[in-house]
Amino acid sequence: MSTRVRVLLVEDDLRVARVNRDLLERDPDVHVVGSAATCAQGDALAQALAPDLILLDIHLPDGSGLGLLRHWRTQGRTTDVALITAADDEFSVRTALAHGAFDYLIKPFTGARLAELVARHRARHTPSTPNAAPRLDQASLDRLLGISASAAEALPRGIDPHTLERVYLSLDDMGRPTSAEEIGDRVALSRVTAWRYLEHLVRVGRAQLDHQYGLAGRPAKLYRARGEQAAESGES
């Protein structure tokens, strides 16, 4: 699965836009393709650049980001949009979600929460051929809706569903047996925390544990992702 994410920022505070760009591009597969400071600029760049993900502020000099989001939806634009704003009132949140925003971050937020937003965007999208209209099974539909694969199950204490999905997607992207330390570096977790999430993925059948022998000391534990169908059927 391609993990390249092209992001458009619509934010009138240039300092905030720069910070958000830097946070996003810590992930080498995220590229901020444009930055707009007004509704008009955001609309023009959304049409010209066709980004995968739009991060949208509400309070903009020439109008409301909520109005811009409503405009995009009435025009048939289905691009993933997440609100990043200081607006913390219930009306703004409900309006954004009603018009199809898939996430909502209240300023200030952490870099980890922004990374989770991008991971949720990735999990919602799977590649398909341009002319195909594939049918969806429940697991695929849950990913499209942004629901973790384990959301319907009781997770062990200390296992966060969004972080779990980030670890799984990172492991899947590696395409080879990988250590907990490597995964921790990719998703900004300690080795011990990454190991705990990887061990849970092994227990539920979404990852497989391999041992690397021939090195001094104890054999190294390496993990690799298992496909959803293999995990469900119990195949290795």
Side-chain angles (χ1 to χ4, degrees), residues 1-89 91-127 143-146 162-163 165-166 169-170 173 186-188:
M1 179 180 71
S2 173
T3 59
R4 184 73 169 172
V5 180
R6 302 171 65 255
V7 182
L8 170 64
L9 300 178
V10 185
E11 166 64 63
D12 66 320
D13 187 321
L14 298 182
R15 182 188 62 82
V16 171
R18 181 69 230 179
V19 169
N20 290 348
R21 177 191 290 267
D22 290 344
L23 288 172
L24 288 162
E25 293 188 340
R26 288 178 181 177
D27 184 333
D29 290 317
V30 174
H31 177 49
V32 176
V33 295
S35 184
T38 66
C39 290
Q41 291 173 357
D43 191 28
L45 287 180
Q47 294 184 50
L49 300 175
D52 304 309
L53 173 63
I54 300 174
L55 302 184
L56 176 64
D57 196 3
I58 288 181
H59 302 299
L60 296 167
D62 59 343
S64 168
L66 294 174
L68 181 56
L69 175 59
R70 182 171 59 250
H71 165 71
W72 284 332
R73 294 317 189 215
T74 58
Q75 295 296 312
R77 182 174 295 280
T78 59
T79 308
D80 270 0
V81 177
L83 277 293
I84 295 185
T85 176
D88 58 1
D89 58 289
F91 174 80
S92 294
V93 175
R94 288 185 177 275
T95 301
L97 298 178
H99 290 306
F102 86 97
D103 207 343
Y104 195 110
L105 269 62
I106 298 173
K107 300 175 182 175
F109 52 88
T110 65
R113 182 61 179 87
L114 183 59
E116 287 177 7
L117 185 156
V118 175
R120 289 189 61 221
H121 163 77
R122 284 190 173 115
R124 284 160 56 86
H125 295 275
T126 54
R143 284 194 297 271
L144 184 63
L145 295 174
H162 296 306
T163 303
E165 199 64 21
R166 288 171 55 209
L169 290 171
S170 180
D173 291 344
R186 285 175 63 90
V187 297

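In what follows, every heavy atom counts, from backbone to side chain, and hydrogens, waters and symmetry copies are set aside. Residue numbers count from 1 along this sequence.
Remark: the backbone N or O of Val187 is paired with a side-chain donor or acceptor of Arg166 at under 3.5 angstrom. Asp103 places no side-chain N or O within 3.5 Å of a backbone atom of Leu117 that could act as its donor or acceptor partner. Within the 3.5 Å criterion, the main-chain N or O of Arg70 finds a donor-acceptor partner in the side chain of Thr74. Side-chain atoms of Arg120 come within 3.5 Å of backbone N or O of Phe102 as a donor-acceptor pair. Of the possible donor and acceptor atoms, none in the side chain of Asp12 sits under 3.5 Å from a partner among the backbone N and O of Thr38. Side-chain N or O atoms of Glu25 include one that pairs as donor or acceptor with a backbone N or O of Val32 at under 3.5 Å. Between the side chain of Asp62 and the main chain of Ala40, a donor-acceptor pair closer than 3.5 Å is present. Remark: side-chain polar atoms of Arg73 are paired, donor with acceptor, to backbone N or O of His99 under 3.5 angstrom. Between the side chain of Gln75 and the backbone N or O of His71, no donor-acceptor pair lies under 3.5 Å.
Scanning both residues, Ala37 and Leu60, for their nearest heavy atoms gives O-CD2, 4.0 Å. Taking every heavy atom of both residues into account, Leu49 and Gly34 meet most closely at CD1-CA, 4.1 Å. Residue Ser64 comes nearest to Cys39 through the heavy atom pair O-SG, 3.7 Å, listed as atom of the first residue, atom of the second, then distance.
Rounding to the nearest 0.5 Å gives a distance of 7.0 Å between CG of Asp173 and CG of Asp29. Rounded to the nearest 0.5 angstrom, Leu9 CG and Asp57 CG are separated by 10.5 Å. Between the CZ atom of Arg186 and the CG atom of Leu169 there is a distance of 10.0 Å, given to the nearest 0.5 Å. How far OH of Tyr104 is from CG of Leu97: 8.5 Å, rounded to the nearest 0.5 Å. To the nearest 0.5 Å, the span separating CG on Leu55 from CG on Asn20 amounts to 7.0 Å.
Look at Glu11 and Arg21 and you find no salt bridge, because none of the NZ, NE, NH1 or NH2 atoms lies under 4.0 Å from a carboxylate O. At a threshold of 4.0 Å, the pair Arg26-Asp22 does not count as salt-bridged, since none of the basic side-chain nitrogens sits closer than that to a carboxylate oxygen.
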*Between Leu66 and Leu56, is a side-chain contact (heavy atoms from CB on, under 4.5 Å) present by the stated rule, with each step listed?*
CA-CA 9 Å; Leu66 294 174; Leu56 176 64; over 6 Å; no
*Asp43 vs Leu68, side-chain contact (heavy atoms from CB on, under 4.5 Å): CA-CA, chis, key distance, verdict*: CA-CA 7 Å; Asp43 191 28; Leu68 181 56; 3.9 Å; yes
*Would Ile54 and Trp72 satisfy side-chain contact (heavy atoms from CB on, under 4.5 Å), going step by step from the backbone distance to the final call?*
CA-CA 11 Å; Ile54 300 174; Trp72 284 332; 3.8 Å; yes
*Apply the test side-chain hydrogen bond (donor to acceptor under 3.5 Å, both in side chains) to residues Ser92 and Asp89: give CA-CA distance (whole Å), side-chain angles for both, the deciding distance (0.1 Å), then the verdict.*
CA-CA 6 Å; Ser92 294; Asp89 58 289; 2.9 Å; yes
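Within 6.0 Å of the CZ atom in Arg94, the count of heavy atoms belonging to other residues, nucleotides or ligands does not exceed 12.
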